[in-house]
Amino acid sequence: MIKNDGDFGLPPYAAKNRDVVEQRLSDVSAGTGLQETLTIEWRTKPQVVQVIDMPVNSLYYNPGTHRIRAQRSYDPQLDRRLDEDPWSEDSQKYLQHLLQAEPSDPSKRDKDFDALKQSLADFKQNEPGLITREGILVNGNTRAAALRELGVENIRVAVLPESCTWADINRVELSLQLRHDTRRPYSYINRLLTIDEQVESGRPLKEVARDFRIRESTAEQDLWVLSCLRDLSDRSSAGGGVQLRLLDFEDAQESFREVHRAFAKESKADVQRAELLKENRLAAIVMNFSKTDVRLIEADFRGRYLEHRLPDELKAAPAAAPARVIPGINRAVKADAPQVTAARAFTDSVLRAKAVVRAKEKVPSDQLDAATSVFEAAHKAVEDALEPAGKDARVRKRKQAAPDRLNDACQDIEQCITDMVLANASRSLDEEALDEAVLKLKATLKKLAQATTQTIEVPGEGVEWLRDAVRQGQA
(Lines give C-alpha, C1' and ligand atoms only; values in the text may rest on other atoms or scores of the structure.)
Protein backbone atom coordinates (compact mmCIF):
# COMPACT_ATOMS: atom_id res chain seq x y z
CA MET A 1 0.00 0.00 0.00
CA ILE A 2 1.42 3.38 -1.06
CA LYS A 3 1.31 6.27 1.41
CA ASN A 4 -0.06 9.66 0.46
CA ASP A 5 -0.99 12.89 2.23
CA GLY A 6 -3.67 12.59 4.87
CA ASP A 7 -3.46 8.83 5.33
CA PHE A 8 -3.60 6.91 8.61
CA GLY A 9 -0.30 5.13 8.14
CA LEU A 10 0.12 1.37 8.45
CA PRO A 11 -1.06 -0.89 11.29
CA PRO A 12 1.45 -2.71 13.53
CA TYR A 13 1.09 -6.11 11.88
CA ALA A 14 0.95 -4.80 8.32
CA ALA A 15 3.97 -6.81 7.19
CA LYS A 16 2.66 -10.03 8.74
CA ASN A 17 -0.76 -9.54 7.14
CA ARG A 18 0.87 -8.81 3.80
CA ASP A 19 2.75 -12.10 3.91
CA VAL A 20 -0.42 -14.02 4.76
CA VAL A 21 -2.39 -12.27 2.01
CA GLU A 22 0.29 -12.89 -0.62
CA GLN A 23 0.55 -16.56 0.35
CA ARG A 24 -3.22 -17.09 0.19
CA LEU A 25 -3.52 -15.24 -3.13
CA SER A 26 -0.76 -17.50 -4.46
CA ASP A 27 -2.54 -20.60 -3.16
CA VAL A 28 -5.81 -19.54 -4.81
CA SER A 29 -4.09 -18.84 -8.15
CA ALA A 30 -2.35 -22.23 -8.06
CA GLY A 31 -5.57 -24.09 -7.26
CA THR A 32 -7.65 -25.94 -9.80
CA GLY A 33 -11.06 -25.14 -8.34
CA LEU A 34 -13.44 -22.33 -9.16
CA GLN A 35 -11.96 -19.03 -8.00
CA GLU A 36 -14.20 -16.42 -6.37
CA THR A 37 -13.71 -12.84 -7.55
CA LEU A 38 -15.21 -9.41 -6.95
CA THR A 39 -15.53 -6.64 -9.50
CA ILE A 40 -14.77 -3.16 -8.15
CA GLU A 41 -14.43 0.29 -9.68
CA TRP A 42 -10.71 0.93 -9.69
CA ARG A 43 -9.52 4.34 -10.83
CA THR A 44 -12.62 4.85 -13.02
CA LYS A 45 -12.40 1.38 -14.62
CA PRO A 46 -13.81 -2.02 -13.62
CA GLN A 47 -11.25 -4.30 -11.99
CA VAL A 48 -11.61 -7.95 -11.01
CA VAL A 49 -9.90 -8.84 -7.71
CA GLN A 50 -9.52 -12.23 -6.09
CA VAL A 51 -11.25 -13.38 -2.91
CA ILE A 52 -9.50 -15.25 -0.09
CA ASP A 53 -10.22 -16.28 3.49
CA MET A 54 -8.53 -14.26 6.24
CA PRO A 55 -8.56 -14.63 10.05
CA VAL A 56 -11.12 -12.01 11.07
CA ASN A 57 -9.21 -11.12 14.24
CA SER A 58 -6.09 -10.24 12.25
CA LEU A 59 -7.83 -7.50 10.30
CA TYR A 60 -8.15 -3.82 11.24
CA TYR A 61 -11.23 -1.62 11.14
CA ASN A 62 -10.83 1.32 8.76
CA PRO A 63 -10.51 4.53 10.85
CA GLY A 64 -11.56 6.56 7.79
CA THR A 65 -14.77 4.68 7.02
CA HIS A 66 -17.67 6.93 6.13
CA ARG A 67 -20.10 4.64 7.91
CA ILE A 68 -19.30 6.14 11.33
CA ARG A 69 -17.80 9.50 10.43
CA ALA A 70 -20.34 11.55 12.41
CA GLN A 71 -20.55 9.06 15.29
CA ARG A 72 -16.86 9.41 16.11
CA SER A 73 -17.63 12.60 18.04
CA TYR A 74 -19.71 10.59 20.53
CA ASP A 75 -16.68 10.37 22.86
CA PRO A 76 -14.33 13.33 22.23
CA GLN A 77 -11.45 11.73 24.15
CA LEU A 78 -11.59 8.49 22.18
CA ASP A 79 -12.09 10.48 18.99
CA ARG A 80 -8.82 12.33 19.65
CA ARG A 81 -7.14 9.03 20.47
CA LEU A 82 -8.39 7.67 17.16
CA ASP A 83 -6.71 10.55 15.32
CA GLU A 84 -3.47 10.08 17.25
CA ASP A 85 -3.21 6.29 16.99
CA PRO A 86 -5.98 4.65 14.92
CA TRP A 87 -4.45 1.18 15.25
CA SER A 88 -4.22 1.01 19.03
CA GLU A 89 -6.37 -1.49 20.90
CA ASP A 90 -8.49 1.31 22.43
CA SER A 91 -9.08 2.94 19.03
CA GLN A 92 -10.05 -0.32 17.37
CA LYS A 93 -12.41 -1.16 20.24
CA TYR A 94 -14.01 2.27 19.88
CA LEU A 95 -14.52 1.68 16.16
CA GLN A 96 -16.11 -1.69 16.91
CA HIS A 97 -18.45 -0.07 19.44
CA LEU A 98 -19.55 2.56 16.91
CA LEU A 99 -20.13 -0.07 14.23
CA GLN A 100 -22.53 -1.82 16.60
CA ALA A 101 -24.21 1.35 17.84
CA GLU A 102 -27.36 3.19 16.80
CA PRO A 103 -26.36 6.07 14.48
CA SER A 104 -28.53 8.67 16.23
CA ASP A 105 -27.52 7.56 19.75
CA PRO A 106 -24.25 5.59 20.01
CA SER A 107 -25.00 4.80 23.65
CA LYS A 108 -27.58 2.29 22.35
CA ARG A 109 -27.03 -0.89 20.39
CA ASP A 110 -28.31 -0.81 16.81
CA LYS A 111 -31.15 -3.22 16.00
CA ASP A 112 -29.93 -3.35 12.40
CA PHE A 113 -26.56 -4.62 13.61
CA ASP A 114 -28.25 -7.40 15.56
CA ALA A 115 -30.30 -8.28 12.47
CA LEU A 116 -27.10 -8.47 10.42
CA LYS A 117 -25.49 -10.66 13.07
CA GLN A 118 -28.50 -13.01 13.08
CA SER A 119 -28.43 -13.18 9.28
CA LEU A 120 -24.75 -14.14 9.33
CA ALA A 121 -25.47 -16.80 11.95
CA ASP A 122 -28.35 -18.25 9.90
CA PHE A 123 -27.09 -17.93 6.33
CA LYS A 124 -23.33 -17.35 6.65
CA GLN A 125 -21.53 -14.63 4.66
CA ASN A 126 -23.20 -13.95 1.31
CA GLU A 127 -20.79 -11.37 -0.09
CA PRO A 128 -17.07 -10.91 0.45
CA GLY A 129 -15.62 -7.91 2.20
CA LEU A 130 -12.65 -5.99 0.85
CA ILE A 131 -9.21 -5.38 2.37
CA THR A 132 -5.82 -3.92 1.56
CA ARG A 133 -2.83 -6.23 1.55
CA GLU A 134 -1.98 -4.85 5.00
CA GLY A 135 -5.27 -6.14 6.42
CA ILE A 136 -7.25 -2.88 6.58
CA LEU A 137 -10.97 -3.41 5.98
CA VAL A 138 -12.14 -1.20 3.13
CA ASN A 139 -15.60 -2.72 2.95
CA GLY A 140 -17.20 -5.13 5.41
CA ASN A 141 -16.27 -3.40 8.67
CA THR A 142 -19.72 -4.04 10.17
CA ARG A 143 -19.76 -7.66 9.01
CA ALA A 144 -16.34 -8.20 10.56
CA ALA A 145 -17.61 -6.81 13.88
CA ALA A 146 -20.61 -9.18 13.75
CA LEU A 147 -18.47 -12.21 12.83
CA ARG A 148 -16.15 -11.48 15.75
CA GLU A 149 -19.10 -11.46 18.13
CA LEU A 150 -20.27 -14.77 16.67
CA GLY A 151 -16.83 -16.31 17.20
CA VAL A 152 -16.34 -17.04 13.48
CA GLU A 153 -12.65 -17.48 12.71
CA ASN A 154 -12.46 -16.45 9.06
CA ILE A 155 -14.02 -13.84 6.80
CA ARG A 156 -14.11 -13.94 3.00
CA VAL A 157 -12.48 -10.82 1.56
CA ALA A 158 -11.36 -9.54 -1.81
CA VAL A 159 -7.93 -7.90 -1.94
CA LEU A 160 -7.12 -4.50 -3.44
CA PRO A 161 -4.15 -4.03 -5.80
CA GLU A 162 -0.82 -3.47 -4.11
CA SER A 163 -0.54 0.11 -5.41
CA CYS A 164 -3.64 1.33 -3.55
CA THR A 165 -3.56 4.61 -1.61
CA TRP A 166 -5.88 6.06 1.01
CA ALA A 167 -7.53 8.06 -1.76
CA ASP A 168 -8.24 4.78 -3.54
CA ILE A 169 -9.66 3.29 -0.35
CA ASN A 170 -12.12 6.18 0.04
CA ARG A 171 -13.24 6.03 -3.59
CA VAL A 172 -13.68 2.25 -3.63
CA GLU A 173 -15.59 2.26 -0.33
CA LEU A 174 -17.97 4.87 -1.71
CA SER A 175 -18.53 3.10 -5.02
CA LEU A 176 -19.32 -0.21 -3.26
CA GLN A 177 -21.60 1.48 -0.74
CA LEU A 178 -23.69 3.03 -3.50
CA ARG A 179 -24.36 -0.21 -5.30
CA HIS A 180 -27.98 -1.43 -5.31
CA ASP A 181 -27.77 -4.46 -3.05
CA THR A 182 -28.56 -5.49 0.51
CA ARG A 183 -25.73 -3.47 2.02
CA ARG A 184 -26.73 -1.24 4.93
CA PRO A 185 -26.92 2.40 3.76
CA TYR A 186 -24.97 5.20 5.38
CA SER A 187 -26.79 7.10 8.09
CA TYR A 188 -28.16 10.50 7.06
CA ILE A 189 -25.38 12.63 8.56
CA ASN A 190 -22.64 10.34 7.24
CA ARG A 191 -24.19 10.60 3.79
CA LEU A 192 -24.06 14.41 3.99
CA LEU A 193 -20.44 14.31 5.15
CA THR A 194 -19.48 11.98 2.32
CA ILE A 195 -21.06 14.23 -0.33
CA ASP A 196 -19.28 17.24 1.17
CA GLU A 197 -15.96 15.38 1.27
CA GLN A 198 -16.26 14.43 -2.39
CA VAL A 199 -17.05 18.00 -3.43
CA GLU A 200 -14.22 19.40 -1.30
CA SER A 201 -11.81 17.00 -3.01
CA GLY A 202 -12.50 18.84 -6.26
CA ARG A 203 -15.09 16.60 -7.88
CA PRO A 204 -17.93 18.41 -9.72
CA LEU A 205 -21.21 18.35 -7.81
CA LYS A 206 -23.00 16.91 -10.83
CA GLU A 207 -20.63 13.95 -10.86
CA VAL A 208 -21.00 13.37 -7.11
CA ALA A 209 -24.79 13.51 -7.42
CA ARG A 210 -24.66 10.92 -10.17
CA ASP A 211 -22.63 8.58 -7.94
CA PHE A 212 -25.24 8.93 -5.19
CA ARG A 213 -28.03 8.44 -7.74
CA ILE A 214 -29.68 11.73 -6.82
CA ARG A 215 -30.45 14.96 -8.69
CA GLU A 216 -27.90 17.76 -8.54
CA SER A 217 -30.51 19.95 -6.84
CA THR A 218 -30.86 17.32 -4.10
CA ALA A 219 -27.10 17.30 -3.60
CA GLU A 220 -27.19 21.12 -3.32
CA GLN A 221 -29.93 20.77 -0.72
CA ASP A 222 -27.83 18.25 1.22
CA LEU A 223 -24.85 20.61 1.28
CA TRP A 224 -27.10 23.46 2.49
CA VAL A 225 -28.42 21.27 5.29
CA LEU A 226 -24.90 20.20 6.31
CA SER A 227 -23.79 23.84 6.42
CA CYS A 228 -26.82 24.60 8.56
CA LEU A 229 -26.03 21.70 10.92
CA ARG A 230 -22.44 22.81 11.34
CA ASP A 231 -23.64 26.31 12.13
CA LEU A 232 -26.06 24.97 14.75
CA SER A 233 -23.30 22.86 16.30
CA ASP A 234 -20.97 25.88 16.54
CA ARG A 235 -23.71 28.07 18.03
CA SER A 236 -24.54 25.45 20.66
CA SER A 237 -21.15 25.75 22.38
CA ALA A 238 -21.70 26.36 26.08
CA GLY A 239 -18.02 26.35 27.07
CA GLY A 240 -15.90 23.61 28.54
CA GLY A 241 -16.27 21.42 25.47
CA VAL A 242 -20.05 21.21 25.90
CA GLN A 243 -21.54 21.35 22.41
CA LEU A 244 -24.09 19.55 20.27
CA ARG A 245 -22.69 17.13 17.70
CA LEU A 246 -23.83 16.60 14.13
CA LEU A 247 -25.12 13.17 15.08
CA ASP A 248 -27.55 14.81 17.53
CA PHE A 249 -29.58 15.87 14.47
CA GLU A 250 -29.61 12.42 12.86
CA ASP A 251 -33.36 11.88 13.18
CA ALA A 252 -34.46 15.25 11.77
CA GLN A 253 -33.71 14.55 8.12
CA GLU A 254 -37.12 15.38 6.67
CA SER A 255 -37.58 18.45 8.86
CA PHE A 256 -34.32 19.98 7.63
CA ARG A 257 -35.19 19.24 4.03
CA GLU A 258 -38.53 20.99 4.46
CA VAL A 259 -36.80 23.98 6.05
CA HIS A 260 -34.59 24.24 2.98
CA ARG A 261 -37.56 24.11 0.62
CA ALA A 262 -39.47 26.75 2.59
CA PHE A 263 -36.35 28.94 2.90
CA ALA A 264 -35.61 28.76 -0.83
CA LYS A 265 -39.19 29.68 -1.71
CA GLU A 266 -39.35 32.61 0.74
CA SER A 267 -35.91 33.90 -0.33
CA LYS A 268 -37.21 34.67 -3.80
CA ALA A 269 -39.54 37.30 -2.33
CA ASP A 270 -37.82 38.50 0.87
CA VAL A 271 -34.43 37.33 2.17
CA GLN A 272 -34.99 38.70 5.68
CA ARG A 273 -38.33 36.91 6.01
CA ALA A 274 -36.65 33.76 4.77
CA GLU A 275 -33.99 34.07 7.48
CA LEU A 276 -36.69 34.67 10.08
CA LEU A 277 -38.63 31.61 8.95
CA LYS A 278 -35.46 29.51 9.03
CA GLU A 279 -34.51 30.56 12.57
CA ASN A 280 -38.06 30.01 13.85
CA ARG A 281 -38.16 26.50 12.42
CA LEU A 282 -34.62 25.58 13.49
CA ALA A 283 -35.46 26.41 17.10
CA ALA A 284 -38.46 24.07 16.92
CA ILE A 285 -36.37 21.27 15.40
CA VAL A 286 -33.78 21.64 18.16
CA MET A 287 -36.62 21.23 20.67
CA ASN A 288 -37.66 17.97 18.94
CA PHE A 289 -41.04 19.14 17.68
CA SER A 290 -42.56 16.90 15.03
CA LYS A 291 -42.33 17.55 11.32
CA THR A 292 -46.03 18.44 11.19
CA ASP A 293 -45.58 20.97 14.01
CA VAL A 294 -42.57 22.57 12.31
CA ARG A 295 -44.65 23.08 9.15
CA LEU A 296 -46.96 25.39 11.10
CA ILE A 297 -44.13 27.83 11.78
CA GLU A 298 -43.87 30.73 9.33
CA ALA A 299 -41.88 33.96 9.30
CA ASP A 300 -44.44 35.73 11.50
CA PHE A 301 -44.61 32.93 14.10
CA ARG A 302 -42.60 34.72 16.77
CA GLY A 303 -44.29 38.10 16.48
CA ARG A 304 -47.80 36.74 16.10
CA TYR A 305 -47.88 33.75 18.47
CA LEU A 306 -44.66 33.29 20.46
CA GLU A 307 -43.40 36.67 21.67
CA HIS A 308 -46.03 37.29 24.36
CA ARG A 309 -45.71 33.70 25.60
CA LEU A 310 -41.94 33.81 26.14
CA PRO A 311 -40.58 34.34 29.65
CA ASP A 312 -38.61 37.56 30.07
CA GLU A 313 -35.23 35.82 30.10
CA LEU A 314 -35.90 34.49 26.59
CA LYS A 315 -37.23 37.76 25.20
CA ALA A 316 -34.08 39.81 25.48
CA ALA A 317 -32.73 40.60 22.04
CA PRO A 318 -29.25 42.02 21.35
CA ALA A 319 -28.92 45.29 19.52
CA ALA A 320 -29.09 45.00 15.76
CA ALA A 321 -25.69 44.34 14.25
CA PRO A 322 -24.21 47.13 12.14
CA ALA A 323 -23.87 46.68 8.40
CA ARG A 324 -20.73 44.76 7.43
CA VAL A 325 -18.24 45.97 4.83
CA ILE A 326 -16.72 43.46 2.41
CA PRO A 327 -12.91 43.86 2.49
CA GLY A 328 -11.31 44.87 -0.78
CA ILE A 329 -14.40 46.25 -2.51
CA ASN A 330 -15.59 48.55 0.30
CA ARG A 331 -19.20 47.52 -0.21
CA ALA A 332 -21.61 47.37 2.72
CA VAL A 333 -23.72 44.28 3.32
CA LYS A 334 -27.10 44.90 4.86
CA ALA A 335 -27.28 43.76 8.49
CA ASP A 336 -29.91 41.36 9.74
CA ALA A 337 -33.22 42.89 10.73
CA PRO A 338 -33.82 43.18 14.51
CA GLN A 339 -36.48 40.45 14.29
CA VAL A 340 -33.93 38.05 12.75
CA THR A 341 -31.37 38.97 15.41
CA ALA A 342 -33.92 38.26 18.15
CA ALA A 343 -34.87 34.95 16.56
CA ARG A 344 -31.22 33.90 16.33
CA ALA A 345 -30.70 34.82 19.97
CA PHE A 346 -33.64 32.62 20.96
CA THR A 347 -32.34 29.70 18.88
CA ASP A 348 -28.88 30.15 20.40
CA SER A 349 -30.34 30.00 23.93
CA VAL A 350 -32.17 26.78 23.10
CA LEU A 351 -29.09 25.27 21.46
CA ARG A 352 -26.83 25.99 24.43
CA ALA A 353 -29.44 24.74 26.89
CA LYS A 354 -29.87 21.50 24.97
CA ALA A 355 -26.11 21.01 24.76
CA VAL A 356 -25.82 21.31 28.54
CA VAL A 357 -28.77 18.97 29.13
CA ARG A 358 -27.20 16.40 26.77
CA ALA A 359 -23.92 16.66 28.68
CA LYS A 360 -25.57 16.35 32.11
CA GLU A 361 -22.84 14.10 33.50
CA LYS A 362 -20.10 16.58 32.57
CA VAL A 363 -21.52 19.85 33.93
CA PRO A 364 -22.15 21.21 37.46
CA SER A 365 -25.64 20.60 38.84
CA ASP A 366 -26.49 24.32 39.02
CA GLN A 367 -25.59 24.78 35.34
CA LEU A 368 -27.66 21.72 34.44
CA ASP A 369 -30.65 22.99 36.44
CA ALA A 370 -30.48 26.41 34.77
CA ALA A 371 -30.22 24.89 31.29
CA THR A 372 -33.10 22.51 31.98
CA SER A 373 -35.24 25.41 33.13
CA VAL A 374 -34.46 27.42 29.99
CA PHE A 375 -35.12 24.47 27.67
CA GLU A 376 -38.40 23.54 29.33
CA ALA A 377 -39.61 27.15 29.38
CA ALA A 378 -38.78 27.59 25.70
CA HIS A 379 -40.42 24.29 24.81
CA LYS A 380 -43.62 25.17 26.67
CA ALA A 381 -43.80 28.61 25.07
CA VAL A 382 -43.43 27.17 21.57
CA GLU A 383 -45.85 24.35 22.33
CA ASP A 384 -48.46 26.86 23.54
CA ALA A 385 -47.85 29.07 20.49
CA LEU A 386 -48.25 26.16 18.10
CA GLU A 387 -51.85 25.63 19.18
CA PRO A 388 -53.23 28.92 17.79
CA ALA A 389 -50.75 28.72 14.91
CA GLY A 390 -52.14 25.33 13.98
CA LYS A 391 -55.69 26.56 14.22
CA ASP A 392 -54.87 29.60 12.11
CA ALA A 393 -53.19 27.41 9.52
CA ARG A 394 -56.32 25.35 9.19
CA VAL A 395 -58.42 28.49 9.04
CA ARG A 396 -56.23 30.06 6.37
CA LYS A 397 -56.64 27.01 4.19
CA ARG A 398 -60.34 27.73 4.13
CA LYS A 399 -59.67 31.47 3.78
CA GLN A 400 -62.21 32.28 6.47
CA ALA A 401 -60.16 33.22 9.51
CA ALA A 402 -62.48 35.81 11.11
CA PRO A 403 -65.81 34.06 10.34
CA ASP A 404 -64.50 30.76 11.69
CA ARG A 405 -63.37 32.42 14.89
CA LEU A 406 -66.88 33.79 15.41
CA ASN A 407 -68.46 30.42 14.59
CA ASP A 408 -66.24 28.81 17.19
CA ALA A 409 -67.27 31.49 19.70
CA CYS A 410 -70.96 30.84 18.91
CA GLN A 411 -70.49 27.14 19.58
CA ASP A 412 -68.79 27.96 22.88
CA ILE A 413 -71.70 30.28 23.85
CA GLU A 414 -74.24 27.59 22.95
CA GLN A 415 -72.34 25.15 25.14
CA CYS A 416 -72.32 27.83 27.85
CA ILE A 417 -76.15 27.99 27.68
CA THR A 418 -76.37 24.24 28.23
CA ASP A 419 -73.92 24.45 31.13
CA MET A 420 -75.95 27.29 32.71
CA VAL A 421 -79.17 25.25 32.58
CA LEU A 422 -77.49 22.25 34.18
CA ALA A 423 -75.80 24.41 36.84
CA ASN A 424 -79.07 26.17 37.68
CA ALA A 425 -80.86 22.84 38.10
CA SER A 426 -78.25 21.74 40.59
CA ARG A 427 -78.05 25.18 42.22
CA SER A 428 -74.31 25.37 41.47
CA LEU A 429 -74.17 28.38 39.14
CA ASP A 430 -71.54 30.96 40.10
CA GLU A 431 -73.49 34.09 39.20
CA GLU A 432 -70.70 36.55 40.03
CA ALA A 433 -68.22 34.74 37.79
CA LEU A 434 -70.81 34.61 35.03
CA ASP A 435 -71.44 38.35 35.33
CA GLU A 436 -67.70 39.05 35.01
CA ALA A 437 -67.52 36.84 31.91
CA VAL A 438 -70.51 38.66 30.34
CA LEU A 439 -68.84 42.04 30.94
CA LYS A 440 -65.71 40.69 29.24
CA LEU A 441 -67.88 39.54 26.33
CA LYS A 442 -69.41 43.04 26.13
CA ALA A 443 -65.97 44.65 25.94
CA THR A 444 -64.86 42.14 23.31
CA LEU A 445 -67.96 42.77 21.18
CA LYS A 446 -67.25 46.49 21.39
CA LYS A 447 -63.74 45.90 20.03
CA LEU A 448 -65.18 43.70 17.28
CA ALA A 449 -67.65 46.42 16.28
CA GLN A 450 -64.84 48.98 16.13
CA ALA A 451 -62.78 46.60 13.97
CA THR A 452 -65.64 46.23 11.48
CA THR A 453 -65.79 50.00 10.96
CA GLN A 454 -62.15 49.88 9.84
CA THR A 455 -62.39 46.82 7.59
CA ILE A 456 -65.94 46.58 6.20
CA GLU A 457 -67.16 49.41 3.99
CA VAL A 458 -70.62 48.01 3.18
CA PRO A 459 -71.88 46.14 6.27
CA GLY A 460 -74.38 43.33 6.00
CA GLU A 461 -77.25 42.63 8.33
CA GLY A 462 -75.14 40.92 10.98
CA VAL A 463 -72.43 43.56 11.14
CA GLU A 464 -75.05 46.32 11.14
CA TRP A 465 -76.81 44.67 14.10
CA LEU A 466 -73.50 44.44 15.99
CA ARG A 467 -72.74 48.12 15.48
CA ASP A 468 -76.26 49.16 16.57
CA ALA A 469 -76.12 46.95 19.66
CA VAL A 470 -72.80 48.47 20.72
CA ARG A 471 -74.06 52.02 20.10
CA GLN A 472 -77.21 51.36 22.18
CA GLY A 473 -75.08 49.89 24.95
CA GLN A 474 -73.06 53.10 25.08
CA ALA A 475 -76.13 55.35 25.12
Are more than 12 heavy atoms, taken from residues, nucleotides or ligands other than [X], located less than 6.0 Å from that residue's [atom1] atom?
| X | atom1 | result |
| --- | --- | --- |
| Glu22 | CD | yes |
| Gln47 | CD | yes |
| Phe212 | CZ | yes |
| Arg203 | CZ | yes |

Any idea which heavy atoms bring [X] and [Y] closest together, and the distance?
| X | Y | value |
| --- | --- | --- |
| Pro63 | Leu95 | CA-CD1, 3.9 Å |
| Leu244 | Ser233 | O-OG, 2.7 Å |
| Ile52 | Val159 | CD1-CG2, 3.8 Å |
| Pro106 | Ser104 | CD-C, 4.0 Å |
| Ile195 | Ile214 | CD1-CD1, 4.2 Å |
| Ala238 | Arg352 | CB-O, 4.2 Å |

Distance check, rounded to the nearest 0.5 Å: [X] atom [atom1] versus [Y] atom [atom2]?
| X | Y | atom1 | atom2 | answer |
| --- | --- | --- | --- | --- |
| Asn170 | Thr165 | CG | OG1 | 8.5 Å |
| Ser227 | His260 | OG | NE2 | 10.5 Å |
| Arg245 | Arg358 | CZ | CZ | 7.0 Å |
| Gln125 | Asn154 | CD | CG | 10.0 Å |
| Glu162 | Glu134 | CD | CD | 8.0 Å |
| Leu246 | Gln71 | CG | CD | 9.5 Å |

Are the side chain of [X] and the backbone N or O of [Y] linked by a donor-acceptor pair below 3.5 Å?
| X | Y | result |
| --- | --- | --- |
| Asp211 | Val208 | no |
| Tyr94 | Arg81 | no |
| Ser267 | Phe263 | yes |
| Arg257 | Gln253 | no |
| Ser119 | Ala115 | no |
| Glu258 | Arg295 | no |

Would you say that [X] contacts [Y] through its side chain, given a criterion of any heavy-atom pair below 4.5 Å between the two side chains?
| X | Y | result |
| --- | --- | --- |
| Phe301 | Arg281 | no |
| Leu192 | Leu229 | yes |
| Glu89 | Gln92 | no |

inquiry  = Taking the six-membered ring of Phe375 as reference, does the cationic atom of Lys354 (NZ for Lys, CZ for Arg) lie under 6.0 Å from its centre and within 45° of its axis?
reply    =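 Relative to the ring axis of Phe375, which defines the angle, Lys354 lies outside at least one limit.
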
Within 45° cone of Tyr61 ring axis and under 6.0 Å: Arg148 NZ or CZ =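 Relative to the ring axis of Tyr61, which defines the angle, Arg148 lies inside both limits.
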
ask   = Do NZ/NE/NH1/NH2 and the carboxylate oxygens of Glu149 and Arg109 come within less than 4.0 Å?
value =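 Salt bridge present between Glu149 and Arg109.
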
inquiry  = Please determine whether a side-chain nitrogen of the Lys or Arg among Asp348 and Arg344 lies less than 4.0 Å from a carboxylate oxygen of the Asp or Glu.
reply    =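 No salt bridge links Asp348 with Arg344.
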
ask   = Looking at Trp87 versus Tyr13, is the centre-to-centre ring distance below 6.0 Å?
value =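 Between Tyr13 and Trp87, which both carry aromatic rings, the centre distance is not below 6.0 Å.
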
ask   = Taking it one step at a time, do Gln243 and Ser236 satisfy side-chain hydrogen bond (donor to acceptor under 3.5 Å, both in side chains)?
value = CA-CA 5 Å; Gln243 185 174 351; Ser236 72; 4.7 Å; no

Distance-only polar pair, side chains of Ser88 and Ser91, donor-acceptor under 3.5 Å =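 Yes.
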
